[in-house]
2 protein chains.
Amino acid sequence: MPQVTPLRQQRTNCSDCRLATLCLPENLDDVAVNDLDGIIKRPRPLDRGAPLFHSGGDFRAIYAIRTGAVKTSRLLPNGDEFVSGFYLPGEVIGLDAINYNNHPTTAVALETTSVCEVPFSDLEKLSLNRPALQRHMMRIMSRELATEQTLNQVLVHRSAEQRLAVVLVSLSDRFGNRGLSPKRFRLPMSRHELGNYLGLAPETMSRIFRRLEKQELVCTDGRDITLLNQTELRLLAHGESEVPLRSGRA
Amino acid sequence: MPQVTPLRQQRTNCSDCRLATLCLPENLDDVAVNDLDGIIKRPRPLDRGAPLFHSGGDFRAIYAIRTGAVKTSRLLPNGDEFVSGFYLPGEVIGLDAINYNNHPTTAVALETTSVCEVPFSDLEKLSLNRPALQRHMMRIMSRELATEQTLNQVLVHRSAEQRLAVVLVSLSDRFGNRGLSPKRFRLPMSRHELGNYLGLAPETMSRIFRRLEKQELVCTDGRDITLLNQTELRLLAHGESEVPLRSGRA
DNA sequence: CGGGATCTTGAGAAGTTTCAATACTTGTGG
DNA sequence: CCACAAGTATTGAAACTTCTCAAGATCCCG
């Protein structure tokens with residue numbers, strides 16, 4: 001009698017994951033990939049709104065998004081929320097927890113989301129003997145760091161309109177890298193969340209979206225976005241003067 | 001005939017460096033420290049204004065500040081400058097260059113500054129066999145990451161007054177950790193540079209400093225700062241509601 | 001189809017920037 | 001050692017961007 005693969009939780013592994021080029025180092029041999037595969041857990045998908053980890057919670061693993069989207073945020077005692085990031089398939093969350101051994105942020109699924117859970121102690125052991133893996137970890141963190149710094153400058157030195165342009169371009173690039181259309185996509189987050197991330201009031205978000213539509217740069221239908229003029233939008237995002245902003249996490 | 005140590009470039013090494021607790025992992029044995037010491041170069045001190053590396057330049061090494069202070073910034077083609085960070089003794093620069101193999105920022109000495117230069121390829125090799133070192137690298141980067149994220153939120157969601165309070169508290173903590181007075185210190189950067197870092201016009205910086213003086217939180221004499229009421233200043237920085245902002249890089 | 005959340009729109013208020021003019025430092029050469 | 005020049009810091013007034021508040025429209029899930 002042939003073994004039946006359960007429908008819900010079909011056996012997935014790194015070697016035939018579409019996202020491997022984003023997640024994994026280039027020159028990791030098959031043996032190493034298998035070892036890595038061995039330590040990775042693939043929990044059942046999270047429903048919209050379900051937490052992946054909580055701010056202040058113990059750090060045990062880092063997570064790679066497989067499908068869906070996740071937002072990270074800090075929740076203040078008074079109820080205020082500061083959204084610190086949005087993560088798409090192929091991107092890695094939790095690296096900011098390594099040093100203090102607990103998560104500075106809360107991570108929540110924005111839609112049905114499946115992740116690969118990589119226990120960090122296992123990963124550390126594994127990467128001791130694997131230069132490619134060790135280097136890969138450093139690279140991911142280095143890239144995150146550069147991205148955060150770029151974001152800082154965008155948020156601090158750019159107008160509301162430019163900030164929105166920057167995220168739209170970033171999302172476009174990231175969707176594009178994942179084989180989706182860079183021109184048409186659906187925002188996984190609300191305008192409120194996006195505004196919070198950019199430090200803008202929801203009302204401002206609305207107005208800016210409308211302004212971009214008037215300039216015929218984008219077209220919106222709720223969360224559905226169409227980029228009408230990518231060249232101009234990029235010019236706006238990068239501040240005319242062709243700023244070498246590296247946008248996007250991956 | 002006894003060997004004479006040159007005055008200018010006296011032999012310094014990690015094992016008797018005052019900053020070792022900031023730079024080095026806790027549980028690195030003496031042998032490992034010696035190995036590390038072996039790959040570290042200690043170039044002659046940089047004069048005020050001298051660059052440590054340039055934006056776009058090849059990534060070869062990371063640098064730990066020994067004495068002095070460094071600012072990192074991105075220089076735009078049109079001449080605009082975006083200051084992205086200030087680094088004090090014991091802090092590490094250049095980690096954001098690992099992934100792309102070139103430096104996204106330019107680093108410049110704000111005063112006479114000496115650094116330890118750690119060639120990255122050597123460091124990678126060394127850390128392969130040394131869990132403590134590998135882990136330490138990850139931690140430093142993770143901490144940087146968390147700090148950048150915190151900074152993001154401060155810059156985006158807080159008023160000019162709060163932003164200034166945040167850097168002052170951060171600097172105070174960092175000077176304090178280095179055995180200097182957390183109450184009285186001299187800013188290594190101009191108000192212009194500090195303002196640029198915080199996304200504030202120099203004029204605003206002036207006004208905010210004045211406002212903090214009127215509230216008797218700080219006292220300024222040019223770049224010399226005295227914190228008069230640290231408790232209140234911290235409360236202001238953290239936004240009344242006791243926000244768990246982790247400030248400072250180290 | 002209802003009802004809660006989300007989004008839009010307008011008007012006034014607040015905070016920050018810009019511009020312009022003046023004062024102050026700091027380093028340098030006479 | 002002083003004077004000067006260049007950079008740096010301060011101050012005021014007007015302009016601009018974004019926020020807040022308030023109300024209405026729309027979307028979407030159950």
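Just so it is clear, the model here is predicted, and its values are computed rather than measured. Within every chain, numbering begins at 1; the chains are lettered A, B, ... in the order of the sequence lines, protein sequences first and strands thereafter.
Here the shortest heavy-atom pairing between Q153(A) and S84(B) reads NE2-CB, 3.3 Å. Residues R42(A) and C116(A) approach most closely at NE-SG, 3.7 Å, considering heavy atoms.
Taken over five-pair windows at either terminus, the axes of the helix from dC1(C)-dG30(D) to dG30(C)-dC1(D) are inclined to one another by 50° (rounded to 10 degrees).
Contact annotation: the side chain of V70(A) never approaches that of L46(A) to less than 4.5 Å [non-hydrogen atoms, C-beta and beyond].
Rounded to whole Å, the distance from CG on N196(A) to P on dT6(C) is 13 Å. Look at CG on L200(A): it is 14 Å from C1' on dT20(D), rounded to the nearest Å. Here dT10(D) presents its P atom at 12 Å from CG of L212(B), a figure rounded to the nearest Å. Between the CZ atom of R158(A) and the P atom of dT18(D) there is a distance of 13 Å, given to the nearest Å. In this structure, L187(B) places its CG atom 13 Å from C1' of dA9(D), rounding to the nearest Å. Here the C1' atom of nucleotide dT8(D) and the CE atom of M189(B) are 15 Å apart, to the nearest Å. Taking atom CZ on R191(A) and atom P on dC27(D), their separation rounds to 11 Å, with Å as the unit. Atom NE2 of H192(A) and atom P of dT20(D) are 11 Å apart (whole Å).
Applying a 4.0 Å cut-off to non-hydrogen atoms, none of the residues of residues 217-227 of chain B approaches DNA chain C. Contacts between residues 201-210 of chain A and DNA chain D, counted as heavy-atom distances below 4.0 Å, involve A201(A), E203(A), T204(A), R207(A).
A side-chain hydrogen bond (donor to acceptor under 3.5 Å, both in side chains) with R234(B) holds for exactly one of H238(B), Q230(B), E232(B); it is Q230(B).
Side-chain contact annotation: T113(A) with R66(A), donor-acceptor N/O pair under 3.5 Å absent.
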Please tabulate, for the side chains in residues 204-220 of chain A, all donor-acceptor contacts under 3.5 angstrom to protein atoms that are two or more places apart in sequence or on a different chain.
{"residue": "R211(A)", "atom": "NH1", "partner": "E161(A)", "partner atom": "OE1", "Å": "2.9"}
{"residue": "E213(A)", "atom": "OE2", "partner": "T220(A)", "partner atom": "N", "Å": "2.7"}
{"residue": "E213(A)", "atom": "OE2", "partner": "T220(A)", "partner atom": "OG1", "Å": "2.8"}

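Residue S190(B) places its side chain closer to dT8(D) than to any other of dT18(D), dT8(D), dC7(C).
Scored by the side-chain contact (heavy atoms from CB on, under 4.5 Å) test, R223(B) finds R48(B), R186(B), L187(B), S190(B) as partners (sequence neighbours excluded). Residues passing the side-chain contact (heavy atoms from CB on, under 4.5 Å) test with D58(A), sequence neighbours excluded: R60(A).
Two rings, from Y63(A) and F53(A), have their centers less than 6.0 Å apart.
The closest donor-acceptor contact from the side chain of R163(A) to the backbone of R158(A) lies under 3.5 Å.
Here R163(A) does not reach the OP1 or OP2 of dT18(D): none of its side-chain N or O atoms lies under 4.0 Å away.
The residue G199(B) sits close only to the backbone: its heavy atoms come under 4.0 Å of sugar-phosphate atoms, none of a base.
The 12-atom threshold is exceeded at NE2 of H157(B), counting heavy atoms of other residues, nucleotides or ligands nearer than 6.0 Å.
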